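All heavy atoms count here, side chains included; hydrogens, waters and symmetry mates do not. What you see is a predicted model; the values in this text were computed from it and never measured.
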Amino acid sequence: MVVFNSYMNIPQIDYWRQLCLREGVTWHYEKGDYFFRQGEVAKYLGLVMSGTLVYSVMDSSGTEHIIGLEYPDEFVSDFPFSLSGTPARASVIAQSSCEILCVPTQILRERMRDDADLREIVRVTTEAVFGTVYDRLISFYTKTPEERYSDLISFDPQLFQHFSLKIIASLLKVTPTYLSRIRKIR
C-alpha cells in the first residue's frame, strides 16, 4: 500500500493500533490546537481517527517549517523521543478538527522496563520511522521540487483539500508562488 508515512507499512503497526483502540482515550483537537509543542516532552501517542495534522519546527528567526503530515488512521507521536522523556524537536498542530485516541507515553515507558517484546516493537518501529524520515531527506538531495510534488500528489490526490498551499510549499521547501507555478505545469 502506498502511504505518505511509510512506517505505516510495517507489521508492528498493528500493535500500536490495537493498543490505541483498546486503551486510548478520545481527545478532540480544533484547528490550530497543539498535540505537543517543540521543546516539551510529548505526553501521548495517538491514533488519528479523523482530521489532519502537521509536524512543524521553528527556526532561530521564528520562521515555521512544515516537516511532516498526518492523516486519519496514522499515528501522531514524538516517537521514540517521548518514550525516553526527551523534549520534542518539533510541534504537532491540528490542521482541521481531529479526534485522536491517546495513550499516555508514561504508561509505555513503565511497560518497557519489564517487557522485552515491547522493547523489540519499539526498536523495529523506531527503525521504520527513521527510514521514513531518511528517505525524505534523501529526496531533498536527489529530486527536484517538481518530482517531490509529483510524489506527494501520488500519495494524496486530494492534498489541497486537506492542507493549505502554504503548508504544502513549506513541506516541499519551495515558496507558495513556486508551488503555484508547479501546479500550473502539471
Worksheet item: What pair of heavy atoms forms the shortest contact from Phe163 to Glu70, and how long is it?
Response: CZ-O, 4.1 Å
Discussion item. Membership question, hydrophobic clusters at under 4.5 Å side-chain separation (ILVMFWY): are Val174 and Phe155 in the same one?
Written reply: yes
Worksheet item: According to a 4.5 Å side-chain heavy-atom criterion applied to Ile, Leu, Val, Met, Phe, Trp and Tyr, with indirect links allowed, do Val41 and Val129 form part of one hydrophobic cluster?
Response: no
Discussion item. How close do Thr52 and Ser96 get, counting heavy atoms only, and between which atoms?
Written reply: N-OG, 3.0 Å
Discussion item. How long is the straight-line distance from OG of Ser97 back to NZ of Lys31, given to the nearest 0.5 Å?
Written reply: 11.5 Å
Worksheet item: Hey, does Ile182 have a side-chain heavy atom less than 4.5 Å from the side chain of Pro145?
Response: yes
Item to complete: Answer yes or no: is there a side-chain heavy-atom contact under 4.5 Å between Leu165 and Phe160?
Response: yes
Worksheet item: Between Asp78 and Arg89, does at least one N-O distance fall below 4.0 Å, as a salt bridge requires?
Response: no
Worksheet item: Does any non-hydrogen side-chain atom of Arg136 lie less than 4.5 Å from one of Asn5?
Response: yes
Worksheet item: Quick one: does Arg183's side chain get under 4.5 Å of Ile168's, heavy atoms only?
Response: no
Fill in: From CD (Glu146) to CD1 (Ile185), nearest 0.5 Å
6.5 Å
Worksheet item: Are the side chain of Arg37 and the backbone N or O of Ser91 linked by a donor-acceptor pair below 3.5 Å?
Response: no
Discussion item. Within the structure provided, determine whether Leu47 and Trp16 are in side-chain contact (heavy-atom separation under 4.5 Å).
Written reply: no
Fill in: Smallest separation among heavy atoms of Phe79 and Val122, with atom names
CE2-O, 3.8 Å
Response to the item:
Nearest heavy-atom contact between Ser82 and Ala42 is CB-O, 3.3 Å
Fill in: Ile167 vs Gln95 side-chain heavy atoms within contact, under 4.5 Å
yes
Practice prompt. For Cys20 and Leu101, work out which heavy atoms get closest and say how close.
Written response: O-CD1, 3.7 Å
Practice prompt. Please check if the side chain of Ser150 supplies one atom and the backbone of Glu147 the other of a donor-acceptor pair under 3.5 Å.
Written response: no
Worksheet item: Quick one: does Thr142's side chain have a donor or acceptor within less than 3.5 Å of a partner on Ile138's backbone?
Response: yes
Worksheet, complete the sentence: From the list His65, Glu64, Gln38, side-chain hydrogen bond (donor to acceptor under 3.5 Å, both in side chains) partner of Ser56 resolves to Glu64
Worksheet item: With under 30° as parallel and over 60° as perpendicular, where do the rings of Trp27 and Tyr44 fit, or are they tilted in between?
Response: tilted
Practice prompt. State, with a plain yes or no, whether a side-chain heavy atom of His162 is found less than 4.5 Å away from one of Asp156.
Written response: yes
Discussion item. For a quick test of reading the model, state the closest non-hydrogen atom pair linking Tyr55 to Val76 and the distance between them.
Written reply: OH-CA, 3.7 Å
Discussion item. Treating Arg109 as the side-chain partner and Ser84 as the backbone partner, does any N or O pair qualify as donor plus acceptor under 3.5 Å?
Written reply: no
Worksheet item: Of Leu69, Val48, Asp33, which meets side chain to side chain contact (heavy atoms under 4.5 Å, CB included) against Leu53?
Response: Val48
Worksheet item: Under 4.5 Å between any side-chain heavy atoms of Arg17 and Met8, yes or no?
Response: yes
Worksheet item: Is there a donor-acceptor contact under 3.5 Å from the side chain of Ser170 to the main chain of Lys166?
Response: no
Practice prompt. Rounded to the nearest 0.5 Å, what's the gap from OG1 on Thr132 to CD1 on Ile10? Could you check?
Written response: 8.5 Å
Worksheet entry | Rounded distance [0.5 Å steps], CZ in Arg181 versus OG1 in Thr175 | 6.5 Å
Item to complete: Flag yes if Leu159 and Ile93 sit in one hydrophobic cluster, no otherwise; membership is Ile, Leu, Val, Met, Phe, Trp, Tyr, and two members link when side-chain heavy atoms are under 4.5 Å apart.
Response: yes
Worksheet item: Does Leu19 share a hydrophobic cluster with Met49, counting links as ILVMFWY side-chain heavy atoms below 4.5 Å and allowing steps through other members?
Response: yes
Worksheet item: If only atom types and distance count, is the side chain of Ser77 paired as donor or acceptor with the main-chain N or O of Leu45 below 3.5 Å?
Response: no
Worksheet item: What distance separates Arg111 CZ from Asp117 CG, expressed to the nearest 0.5 Å?
Response: 13.5 Å
Worksheet item: Looking at CG of Leu172 and OH of Tyr149, how far apart are the two atoms once the value is rounded to the nearest 0.5 Å?
Response: 9.0 Å
Worksheet, complete the sentence: Quick note, ring-ring contact (aromatic ring centres under 6.0 Å, His included) partners involving residues 86-134, not counting sequence neighbours, are Phe130-Tyr134
Discussion item. Is there a path of hydrophobic side-chain contacts, each under 4.5 Å between heavy atoms of I/L/V/M/F/W/Y residues, joining Ile121 to Leu21?
Written reply: yes
